[in-house]
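Okay, structure first, notes after.
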Amino acid sequence: MSDAITILGCDGFIGSHLLEYFLANGNKTIYGFDQDTRRISHIVKSDKRFQFFQGDIYLSPDLDRCINDSEVVISLAALCNPSLYNTLPVDVIESNFNNPVKIVKMCTKYKKWLIHFSTSEVYGKTEASLHCDSYDLHCSDVIMKEDQSQLILGPVSAQRWSYAAAKQLLERYIFAHAIQYGLHYTIIRPFNFIGPTMDFIPGVDGDGVPRVLACFMDSLLNKKDLCLVDEGKNKRVFTYINDAVNAVKLIIDNKQNSVGHIFNIGNPQNECTIKELALLIIGIYQHLYPDCDKSLLNVKHVTAESFYGAGYEDSDRRYPDISKIQKATGWVPAVDLKTALTETMKAYMKKYASR
Ligand code: UDP
């Protein structure tokens, strides 16, 4: 058996950053699977340690062999963009449950360590939002703890929660395989990772509504108002991709402490409302481009239904307890929100400004 790493979804935002990290550090063979090469085309043929298999991951004749030849399988491939939850709900459920089920079975069969990327959205709405002010940090129900928090989703008609429900069922399916068949697993719940190459600009290299940061970049690039859904009152914790990659590295380095656990990966220091995010982004933009036309940098209020369509419901807040991963691996997020946004925005401007 080799000590190779298989990355499923290696052309995605997180997968491509992990791939670059593993190729720049260490000497392990990396098997990568993805249908696309948008982010990794510069690597595909240039690094002998990287073997890339392009196409439908789950139909690949090489998947079985590569998983069997690996020490760790990192599973990332999924549709995970909120605008798809109520426009392509069947595809969202299939890509987040039906397809990765095959990977759980293969890892169980070959006794491989599965590091599965779930989502912070499995927590759903905060318990606090049901009975007290979810923005009061002293309300203990606000803090999301891997092994204690309730997972609270809305009704079936609110399709927003189909993604979280599929992810949650897969977590339970993985856990069940550990109990029944001894699968070695680690589940990661990411809290809004941001960084260069995340998402797309609509009409340039993708269609539909990307996540909030890319929406705001689209607005800046195309001189449109930044849209605040439901007054931008919901809160998120934004985590820089380099911190996230470091967390995965530490998990792999601390296998003993990491197998059989679910970990939040998020930077609680970087919490803000979406309105605060918009204003911060406008401020950074003005700093980066002092000659820009400031009269064009505005926010506007929109309803969730007009922005996303029917069936959208929001997570009011996602605030992680990260003591578990800190204790298991020593991980501490280091990149503050302003730096994370500045680096991400610079990368966006470099890539898209001249198009
Ligand atoms: N949002 C917004 N304006 C936008 C895009 C998103 O106000 O142009 C809000 C959205 O309603 C949610 C938050 O920003 O409250 C984060 O949305 P995102 O799509 O980034 O992902 P989520 O954290 O909900 O999974």
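Start at 1 and go down the list; that is how both ligands and their atoms are numbered. The first residue of the sequence shown is numbered 1, and numbering continues consecutively from there.
In this structure, the protein non-hydrogen atom closest to atom 17 (O) of ligand 1 is V212 CB, 4.1 Å. Considering only non-hydrogen protein atoms, atom 24 (O) of ligand 1 sits nearest to R236 NH2, 2.9 Å. Looking only at heavy atoms of the protein, atom 15 (O) of ligand 1 is closest to D314 OD2, 2.6 Å. Counting only heavy atoms of the protein, atom 25 (O) of ligand 1 lies nearest to R318 NH2, 3.1 Å. The nearest protein atom to atom 6 (C) of ligand 1, hydrogens excluded, is given as Y308 OH, 3.1 Å; this is a heavy-atom distance.
Contact annotation for L213 and ligand 1: no heavy atom of the residue comes within less than 4.0 Å of the ligand. Heavy atoms of Y312 found under 4.0 angstrom from ligand 1 belong exclusively to the side chain. With a 4.0 Å cut-off on non-hydrogen atoms, V229 touches ligand 1 through its backbone as well as its side chain.
Close approach of ligand 1 to N192 (heavy-atom distance below 4.0 Å) involves ligand atoms 23 (O). Near E121, meaning under 4.0 Å from any of its heavy atoms, are these atoms of ligand 1: 25 (O). Annotation for ligand 1: atoms under 4.0 Å from non-hydrogen atoms of I274 are 2 (C), 7 (O), 13 (C), 14 (O). Listed by atom number, the atoms of ligand 1 under 4.0 Å from R211 heavy atoms are 18 (P), 19 (O), 20 (O), 21 (O). Within ligand 1, counting atoms from 1 as listed, the ones closer than 4.0 Å to a heavy atom of L228 are 7 (O).
Note that the CZ atom of R211 and the CZ atom of F200 stand 8.5 Å from one another [nearest 0.5 Å].
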Worked check of salt bridge (charged side-chain N to carboxylate O under 4.0 Å, His left out) between K324 and D147: CA-CA 10 Å; K324 197 176 167 195; D147 304 316; 2.8 Å; yes
ring-ring contact (aromatic ring centres under 6.0 Å, His included) assessment of Y21 paired with H17: CA-CA 6 Å; Y21 176 83; H17 281 272; over 10 Å; no
D205 and Y352: CA distance, side-chain angles, deciding distance, side chain to side chain donor-acceptor pair (under 3.5 Å) verdict: CA-CA 10 Å; D205 52 359; Y352 296 101; 2.5 Å; yes
Full working for salt bridge (charged side-chain N to carboxylate O under 4.0 Å, His left out) between E121 and R318: CA-CA 8 Å; E121 195 152 318; R318 300 190 197 129; 2.7 Å; yes
Worked check of side chain to side chain donor-acceptor pair (under 3.5 Å) between T329 and N254: CA-CA 6 Å; T329 70; N254 290 277; 5.3 Å; no
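A tilted orientation is assigned to the rings of F191 and Y123, their planes being inclined by 30° to 60°. Ring pair Y173/F97 is perpendicular by interplanar angle, where above 60° counts as perpendicular and below 30° as parallel.
Each of T37, I43, D47 was evaluated against F52; a single residue qualifies, T37, per the side chain to side chain contact (heavy atoms under 4.5 Å, CB included) test.
Taking both residues in full, the closest heavy atoms of I57 and A77 are given as CD1-CB, 3.5 Å, listed atom of the first, atom of the second, then distance.
Taking 4.0 Å as the cut-off, P82 counts as a neighbour of ligand 1 on heavy-atom distance. Heavy atoms of C227 approach ligand 1 to within less than 4.0 angstrom. Residue R160 places a heavy atom less than 4.0 Å from ligand 1.
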